[in-house]
Amino acid sequence: MYQVPRGTSDILPEEQVYWRHIEQKVANICQLYGYERIDSPAFEDTGLFTRSVGEGTDIVEKEMYTFSDKGGNQITLRPEGTAPVCRAYLEHGLHNRPQPVKLYYLASIFRYERPQAGRYRQHYQFGCEVIGDDDPSLDAEVIDMAWQFFRSLNLRHLSLQLNSIGCKQCRPGYLSVLKDYYAKHTKELCPDCKVRIDRNPLRLLDCKQPSCQQVANAAPRSVDYLCPECKTHFNRLKGYLKLLEIPFTLNHRLVRGLDYYTRTVFEIQPEAAGAQSTLVGGGRYDDLIEELGGKPTPAIGFAMGIERIILNLKKQDIHIPPLARPRVFIAHIGAETRDEAIKLASGLRQAGIGSIVATGNKSLKAQLRQANNLGVRYAVIIGEEEVKKSTVSLRDMTTAQQKTVPTSELPGLLIE
Ligand code: HAM
């Protein structure tokens, strides 16, 4: 027997209620904030991701699903959504539209990770990207949008972690101070971090090994090495967050696992669980569009994992409204009535009334039991006598009351 590949899952009908609910809330919030949807292909040229996410990152080094297709092209299943949106922005000349361009996506993401609760090899992200403006009010707007999105889902007990990691101008100075500090602590570091000192020093700060965490806690903080422009930008962002009454925690160890970030970086996590179950990750990436061949174009965005949101909705026992189901079951007794039932169901559906027709030759009792199991509000019963008189019996399944009505009046009686 085949099974789903490790780290992936089937989303069965009973789970779909969460997915539809979240999709609807995503569409609502994006409309409120003026974001338009974009969909990109599930795979891209590998170079797009190595270039943008960065050679030294876990994603590029260990987690990409990369292969040569039959034409010999190097292809990668998208391991994140920002680079494809930037590629589309450049490819379709979206810089010619009024800036900033505000886009969102719901997309499957592929990462070859070690599967565990909340970590999969295929997951889905809701992501937003605002391209073409560096105003810190947009940083605040993007964070506010993620925050209000969780409020619309009634998710509580979340914590917003915030940092600024500077820009091309000020980051090199900070990195050299950071490297000098770490050079004095190499003995305490895990083998991975020893390599990171030269390859990707920022990532030293978010190592999960206890001994490395101690070193990281006392490390120099990027916010103390920001150039005046980055400092002003960060101060204004913090001012806007206070204005919007969004509580945040400054976390100087927050650096993110993708190389394209500049200035603002942020994450939203469940208060209790910490970084392993981060719901949202995002930040500014002011150099990425240029890196991919465009003009200098600042941008900011975030993405959140849908499966992790669902885990938290369940953990917090949040009620999700059930999905609409057909309200009518059509039972029929006698061979002559089947055609009538099939025709009636089709007519009701065309009038916008969801209907299910009994199949086979079950007894009326069995058919009503089926109607009950399906949870329909009404059963319509068609017998041979009724066919002759162009009537049906209409049974209210909640009260078990039954009456005879003309078939032509059914749609009017059943419409909600
Ligand atoms: P990321 O932090 O790698 O950022 O992923 C965003 C979110 O996707 C995470 O916070 C988490 O909820 C979810 N996620 C990531 N990996 C997995 C996994 N293996 N299984 C389940 N859920 C996962 C990005 O991808 C950036 N593109 C975000 C961004 C957009 N930055 C700017 N714009």
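One is the number of the first residue; the rest follow in order along the sequence. What's counted below: heavy atoms across the whole structure, side chains too, no hydrogens, waters or symmetry copies. Note that ligands are numbered from 1 as they come in the structure, with each ligand's atoms numbered from 1 the same way.
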- Measuring from Asp286:CG to Ile300:CD1, what's the distance to the nearest 0.5 Å? 8.5 Å
- Any Lys/Arg nitrogen of Arg119 or Glu307 sitting under 4.0 Å from an Asp/Glu carboxylate oxygen of the other? no
- Message: Considering both backbone and side-chain atoms of Gly305, is one of its nitrogen or oxygen atoms within less than 3.5 Å of a nitrogen or oxygen in ligand 1?
- Response: yes
- Task: Look at the side chain of Gln316 and the backbone N and O of Ile318, then say whether any donor-acceptor pair between them is shorter than 3.5 Å.
- Result: no
- Within the 4.0 Å heavy-atom cut-off, what Tyr260 brings close to ligand 1 is side chain
- Item | ligand 1 contact on Leu279 by region, counting heavy-atom pairs under 4.0 Å | backbone
- Message: Between Asp206 and Arg203 (salt bridge meaning N to carboxylate O under 4.0 Å), is one present in this structure?
- Response: yes
- Message: Tell me whether Arg308 reaches ligand 1 (any heavy atom closer than 4.0 angstrom to a ligand atom).
- Response: yes
- What residue and atom, counting heavy atoms only, is the protein's closest point to atom 21 (C) of ligand 1, and at what distance? Gly118 O, 3.2 Å
- Query: Among protein heavy atoms, which sits nearest to atom 8 (O) of ligand 1, and what does the distance come to when rounded to 0.1 Å?
  - Reply: Gln125 NE2, 3.2 Å
- For atom 17 (C) of ligand 1, which of His123, Met304, Glu80 has the closest heavy atom? His123
- Message: Evaluate Glu307 for polar contact with ligand 1, using N/O atom pairs at a separation under 3.5 Å.
- Response: no
- Residues Arg97 and Glu36 bridged, charged N to O under 4.0 Å: no
- Kindly assign one of parallel, tilted or perpendicular to the pair Trp19 and Tyr124, based on the angle between their ring planes and the thresholds 30° and 60°. perpendicular
- Output the distance between atom CZ (Arg51) and atom SG (Cys86), rounded to the nearest 0.5 Å. 12.5 Å
- Query: Can you tell if the side chain of Phe329 reaches within under 4.5 Å of the side chain of Gln367, non-hydrogen atoms only?
  - Reply: yes
- Nearest neighbour in protein (non-hydrogen) for atom 30 (C) of ligand 1: Thr82 OG1, 3.0 Å
- Item | Sub-4.0 Å heavy-atom approach of Arg256 to ligand 1 | yes
- Note on the structure: If we number the atoms of ligand 1 from 1 as shown, the ones under 4.0 Å from a heavy atom of Gly281 are 10 (O), 28 (C), 29 (C)
- Task: Please name the pair of heavy atoms, one in Ser40 and one in Arg87, separated by the smallest distance, quoted to 0.1 Å.
- Result: CB-NH2, 4.1 Å
- Message: With a 4.0 Å cut-off on N to O distance, would you call Lys314 and Glu15 a salt bridge?
- Response: yes
- Item | Atom pair CG/OH of Leu153 and Tyr18 - distance to nearest 0.5 Å | 11.5 Å
- Query: To which protein heavy atom is atom 7 (C) of ligand 1 closest, and what is the distance rounded to 0.1 Å?
  - Reply: Ala303 O, 3.6 Å
- Message: Would Gly127 count as a contact residue for ligand 1, given that I'm defining contact as a non-hydrogen atom of the residue lying under 4.0 Å from a ligand atom?
- Response: no
- Those atoms of ligand 1 less than 4.0 Å from some heavy atom in Phe302: 29 (C), 30 (C), 32 (C), 33 (N)
- Message: Between Asn361 and Arg338, do the side chains contain a donor N or O and an acceptor N or O under 3.5 Å apart?
- Response: yes
- Task: Would you mind checking which non-hydrogen protein atom is closest to atom 33 (N) of ligand 1, with the distance to 0.1 Å?
- Result: Glu129 OE1, 2.8 Å
- Of Glu113, Glu267, Arg119, the residue with the heavy atom nearest atom 19 (N) of ligand 1 is Glu113
- Answer side chain, backbone, both or neither: which part of Tyr261 comes under 4.0 Å from ligand 1, heavy atoms only. side chain
- Message: I'd like to check which ligand 1 atoms, numbered from 1 as shown, lie under 4.0 Å from a non-hydrogen atom of Gly282.
- Response: 31 (N)
- Task: Note the single closest protein heavy atom to atom 20 (N) of ligand 1, along with its residue, its atom name and the distance in Å.
- Result: Tyr120 N, 2.9 Å
- Item | Any Gly257 heavy atom less than 4.0 Å from ligand 1 | no
- Pair Tyr33-Gln31, side-chain donor/acceptor within less than 3.5 Å: no
- Residue part near ligand 1, for Val280, under 4.0 Å between non-hydrogen atoms: backbone
- Which protein non-hydrogen atom lies closest to atom 25 (O) of ligand 1, naming both residue and atom, and how far is it? Arg111 NH2, 3.1 Å
